[in-house]
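Step one of this worksheet: look at the structure below.
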Amino acid sequence: MKPVKKLLLAMTFAFFAMEIFLPFRQAQAAEITPIDTIELYSTSGTPVYAEPNVYSQIVLYLDRFTNVRVTGITDTGFYRVDLNGDYYIPGAYLVTQIEEYKSSWELALEDLEDMTQAYRTQLEMMESYSKAFALKDVTGDGVPEIIDAAGREIYTYYNDRAVIMYYSDYPVTFYYSKSNNRLMGKYTWNDTEIWEVYNKDTTYVPWGQFKCVSTDASAYKSDAYTISRDYTNDTETRADLFNILADFLSL
């Protein structure tokens, strides 16, 4: 591993450690170690701070892949950068090289073996209460999500694991309008049929959750089809999951 990459990895770890222990360190001044100038690149929405702590003023946000001159590192997980003056960027927001943007679908193709294992593990955990499941792209990014048999849970693939995007205390029949990229749910409440329209909301978690934004689904019902339980959740199906996912992703 190149020295710069090792440094970046260490800085990333230091930044997240800082998030945990920062209340104990806030009163201490950061120690800055000068280094020979290196050039790194910003990630999306990179914050630039006036001081090397997350409680200081954010002076601006950098666009993705902006070239940044780094002149020092701090013991609080920041880089000191030269932007016509000394400012500070958390180490996790800088990368050593520009990487071509890849869609969720492209990343899923590259990571198919790990995705298969993550989904297989999740389905094994679900087998006791969900003997069937559906694989449907309900977010419109080309990557399938797992929906349990009762429509209570939806899982997506994120960072080598399956994470929950939706949970309900009652069974929901899901519908999806492909032309409008709308996920809808129908259930009965107090003998009344309720339709809801969901959007993906990333406010609190990076992989997103489904959030009800409307109970009027009439504009989408005519173009909607039911998300059925397409597969039996058993050992044989899970063993063939790589081929199932590969077919879904059109390999």
Side-chain angles (χ1 to χ4, degrees), residues 1-111 114 139-143 156-161 163-165 199-211 213:
M1 183 180 291
K2 294 182 179 179
V4 171
K5 289 188 176 180
K6 289 182 178 179
L7 177 63
L8 181 60
L9 182 62
M11 292 293 293
T12 301
F13 174 80
F15 173 71
F16 288 109
M18 175 193 66
E19 291 290 307
I20 299 173
F21 297 109
L22 191 57
F24 302 100
R25 301 181 57 88
Q26 191 177 358
Q28 302 179 14
E31 294 184 8
I32 303 172
T33 302
I35 62 172
D36 292 336
T37 300
I38 60 175
E39 293 189 351
L40 299 178
Y41 299 91
S42 59
T43 55
S44 298
T46 296
V48 179
Y49 290 86
E51 301 294 337
N53 67 75
V54 295
Y55 293 102
S56 69
Q57 178 187 3
I58 296 178
V59 295
L60 78 157
Y61 288 91
L62 298 178
D63 292 333
R64 190 167 185 254
F65 294 150
T66 299
N67 184 273
V68 177
R69 288 164 46 88
V70 177
T71 63
I73 59 176
T74 77
D75 62 342
T76 55
F78 282 74
Y79 285 112
R80 183 179 67 189
V81 299
D82 179 8
L83 296 173
N84 294 322
D86 287 339
Y87 297 96
Y88 301 89
I89 296 176
Y93 285 94
L94 294 176
V95 294
T96 58
Q97 61 184 5
I98 294 178
E99 297 179 359
E100 182 182 354
Y101 170 78
K102 294 180 180 178
S103 67
S104 297
W105 177 80
E106 291 171 318
L107 292 172
L109 288 178
E110 291 182 356
D111 211 19
D114 288 339
T139 61
D141 63 358
V143 180
T156 192
Y157 179 66
Y158 180 79
N159 277 9
D160 299 332
R161 58 197 175 104
V163 296
I164 195 164
M165 295 184 70
N199 273 355
K200 186 178 177 183
D201 180 10
T202 58
T203 302
Y204 299 110
V205 290
W207 57 84
Q209 290 180 314
F210 285 119
K211 179 180 179 181
V213 294

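With respect to R80, the side chain to side chain contact (heavy atoms under 4.5 Å, CB included) criterion is satisfied by exactly one of V70, I73, T71, I35: T71.
Taken to the nearest 0.5 Å, the CG atom of D201 stands 11.0 Å off from the CZ atom of F210. Put simply, OG1 on T43 and CD1 on I89 are 9.0 Å apart, with the number rounded to the nearest 0.5 Å. For the atom pair CG (D86) and CD (E51), the distance works out to 10.0 Å, reported to the nearest 0.5 Å. Annotation: the span from T202 atom OG1 to K200 atom NZ amounts to 7.5 Å, rounded to 0.5 Å. From Y79, atom OH reaches atom CD1 of I32 across 14.5 Å, with rounding to the nearest 0.5 Å. Between the CG atom in L83 and the OG1 atom in T66 there is a gap of 9.0 Å [rounded to 0.5 Å].
By the 4.5 Å heavy-atom criterion applied to side chains, Y158 and P206 are counted as neighbours. Residues Y87 and V59 are in side-chain contact: their nearest non-hydrogen atoms beyond the backbone lie under 4.5 Å apart. L62 has its side chain within reach of V48: a pair of non-hydrogen atoms, C-beta onward, lies under 4.5 Å apart. Counting only heavy atoms from C-beta outward, the side chains of T33 and T74 never approach each other to under 4.5 Å. Using a 4.5 Å cut-off on side-chain heavy atoms (C-beta onward), Y41 and L94 make no contact.
By the salt bridge (charged side-chain N to carboxylate O under 4.0 Å, His left out) test, D82 is found to be paired with R69, residues two or more places apart in sequence or in another chain being considered. With sequence neighbours left out, the ring pair (Phe, Tyr, Trp, His ring centres under 6.0 Å) criterion links W105 to no other residue. For Y49, the ring pair (Phe, Tyr, Trp, His ring centres under 6.0 Å) test picks out F78, with sequence neighbours left out.
Y157 and D160 form a side-chain donor-acceptor contact under 3.5 Å, judged by distance and modelled atom types alone.
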Exercise for the section: Assess whether side chain to side chain donor-acceptor pair (under 3.5 Å) is satisfied between E39 and N67, documenting all intermediate values. Expected result: CA-CA 7 Å; E39 293 189 351; N67 184 273; 3.2 Å; yes

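Side chain of D111 to backbone of D114: no donor-acceptor contact under 3.5 angstrom is found.
Between D141 and S104 the shortest heavy-atom distance is OD2-CB, 3.6 Å. Of all heavy-atom pairs spanning A30 and P52, the tightest one is CB-CG, 3.6 Å.
The environment of CD in E31 is sparse: at most 12 heavy-atom neighbours from other residues, nucleotides or ligands sit within 6.0 Å.
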